[in-house]
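First up is the structure itself, then whatever we jot down about it.
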Amino acid sequence: MSLRHDVNQTAAATTVLLSLPPLGKMSIVAIWIETLLYGISVVVFSGASYTLWNKRPRRSSVQWYLLLASTILFMISTVHVAVSLRQFLEAFTESTATAIPGYSSLYFLNQTNQLVFASQVLYIFNVLIQDLVLIWRLYAVMGSDWKAPMLPMTLEAVHTSSALYTVVRFFNGVPLEDPLVRKWGLLSWSLDLIINVGVTATIAGKIWWQGRQTACIHGHNAYIGIAYTMVESGALFSGATLVLFVLYINASTGLDAFVGVNPVVQLATLSPLLIVARVGFGLTHGTLADTAGPGQISTLRIDVNRSQVSEHPASSRDTYALQTFKSEDDV
């Protein structure tokens, strides 16, 4: 009787494995990509921190805010890499992993695993911080108008709540194919996509329009490079989120979306840090030197309240005003 029971269990496990994608191999690739992106994050975070800490002797609250947000993002991505490493060890090197064929795929399928749950929660909070930084930039570039971020903040609250509800339900044993939970998951990813694409496009559009309004001063759109930088950096995370959404909306590739969360955590960290680092080191499209004299670069300050630009010659490292698109000194 016991032998027959064991045979039935083995047959059932084999049936499940045959119906699954190779989650073990996919997870290896995803963790490898995440580790590679984390290495890039270390470099970019160092550059962004240097920019925020050393560019100005008198540090403003804006600098402290960006430095705090950047540090939190980097810490979460670091913890997520550590969790991924622990998952890798448990899935492939534990004694159980070597004794049961296909154990690694079954391991990553198990959403009630504490490490899997922790990995997903870290992803949600990393995305939350990234979105809040993006919405804050919208608030800044719109002249500190409190009405500007109201809709994005409302969408962000619904997005984060639906994401947490989804992973908590999975952790409590609800099947991945549960129709209600799938709807909440789709709502979460679609809202995140709307927030990132919409807010990034609005910020870039506002910056472009402000430059267009002052083109008569410089003879060209002085802010077009910053607008392109915003779009490029935002497209990293938005594009990855779109891929996850497309994978999850298709029932046959829904599991692939959960595997893809690993590298996307690092992209959520990189996206805001790249803007600070690229602008701080002058790695934007075009050149800011077009509006300054030889050997100098202008700190172009966007004054969205008065629809004009104030221009002050500065060294190539004095570009902090462009990192937030609003300098406290101009308020």
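Just so you know, residue 1 is the first one in the sequence shown, and it goes up from there.
- In this view, Thr241 and Trp189, Asp192, Leu193, Phe237 satisfy the side chain to side chain contact (heavy atoms under 4.5 Å, CB included) rule, not counting sequence neighbours.
- Taking the six-membered ring where tryptophan is involved, the planes of Trp136 and Tyr65 are tilted, since the angle between them lies from 30° to 60°.
- Between Ile195 and Leu155 the shortest heavy-atom distance is CD1-C, 3.7 Å.
- Atom-to-atom distance recorded for Asp178:CG and Thr166:OG1 is 10.0 Å, nearest 0.5 angstrom.
- Closest non-hydrogen pair, Leu138 versus Pro149, comes out as CD2-CA, 4.4 Å.
- By the 4.5 Å heavy-atom criterion applied to side chains, His80 and Asn262 are counted as neighbours.
- Residues Val231 and Trp208 do not share a hydrophobic cluster, defined by chaining ILVMFWY side chains whose heavy atoms lie under 4.5 Å apart.
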Q.
Test side-chain contact (heavy atoms from CB on, under 4.5 Å) on Tyr50 and Phe45; report intermediate values, then the result.
A. CA-CA 8 Å; Tyr50 173 80; Phe45 173 71; over 6 Å; no
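- Checking side-chain atoms of Thr200 against main-chain N and O of Val197 turns up no donor-acceptor pair under 3.5 Å.
- Remark: the backbone N or O of Leu270 is not paired with any side-chain donor or acceptor of Ser41 at under 3.5 angstrom.
- Summarising the geometry, atom CG belonging to Leu106 is positioned 12.0 Å from atom CG belonging to Asn113; distances are rounded to the nearest 0.5 Å.
- Between Tyr103 and Phe92, the distance from one ring center to the other does not fall under 6.0 angstrom.
- In this structure a side-chain-to-backbone donor-acceptor pair under 3.5 Å is present from Ser77 to Phe74.
- When hydrophobic side chains of Ile, Leu, Val, Met, Phe, Trp and Tyr are connected at separations under 4.5 Å, Met150 ends up clustered with Trp146.
- The side-chain contact (heavy atoms from CB on, under 4.5 Å) test with Thr269 is passed by exactly one of Leu37, Thr78, Asn126, Ile72: Asn126.
- Sorted by first and then second residue, the ring pair (Phe, Tyr, Trp, His ring centres under 6.0 Å) pairs with a member in residues 108-135 read Phe117-Phe171; sequence neighbours excluded.
- Side-chain atoms of Thr202 come within 3.5 Å of backbone N or O of Gly198 as a donor-acceptor pair.
- Side chain of Gln266 to backbone of Glu34: no donor-acceptor contact under 3.5 angstrom is found.
- Considering all non-hydrogen atoms of both residues, Ser119 and Val83 come closest at CB-CG1, 4.1 Å.
- Residue Val43 is not grouped with residue Leu274 when hydrophobic side chains (ILVMFWY) are merged at heavy-atom distances under 4.5 angstrom, including chains of intermediate members.
- Taking all atoms of both residues into account, the shortest heavy-atom contact from Ser190 to Phe245 is CB-CE1, 3.7 Å.
- With respect to Phe258, the side-chain contact (heavy atoms from CB on, under 4.5 Å) criterion is satisfied by exactly one of Leu109, Leu244, Leu176, Leu247: Leu176.
- Considering every non-hydrogen atom in both Thr51 and Val276, the closest pair reads CG2-O, 4.0 Å.
- A side-chain contact (heavy atoms from CB on, under 4.5 Å) with Ser162 holds for exactly one of Val181, Ile124, Leu186, Leu187; it is Leu187.
- Residue-environment remark: CZ (Arg182) exceeds the threshold of 12 foreign heavy atoms within 6.0 Å.
- The two residues Val121 and Val167 have their closest heavy-atom pair at CG2-CG2, 4.5 Å.
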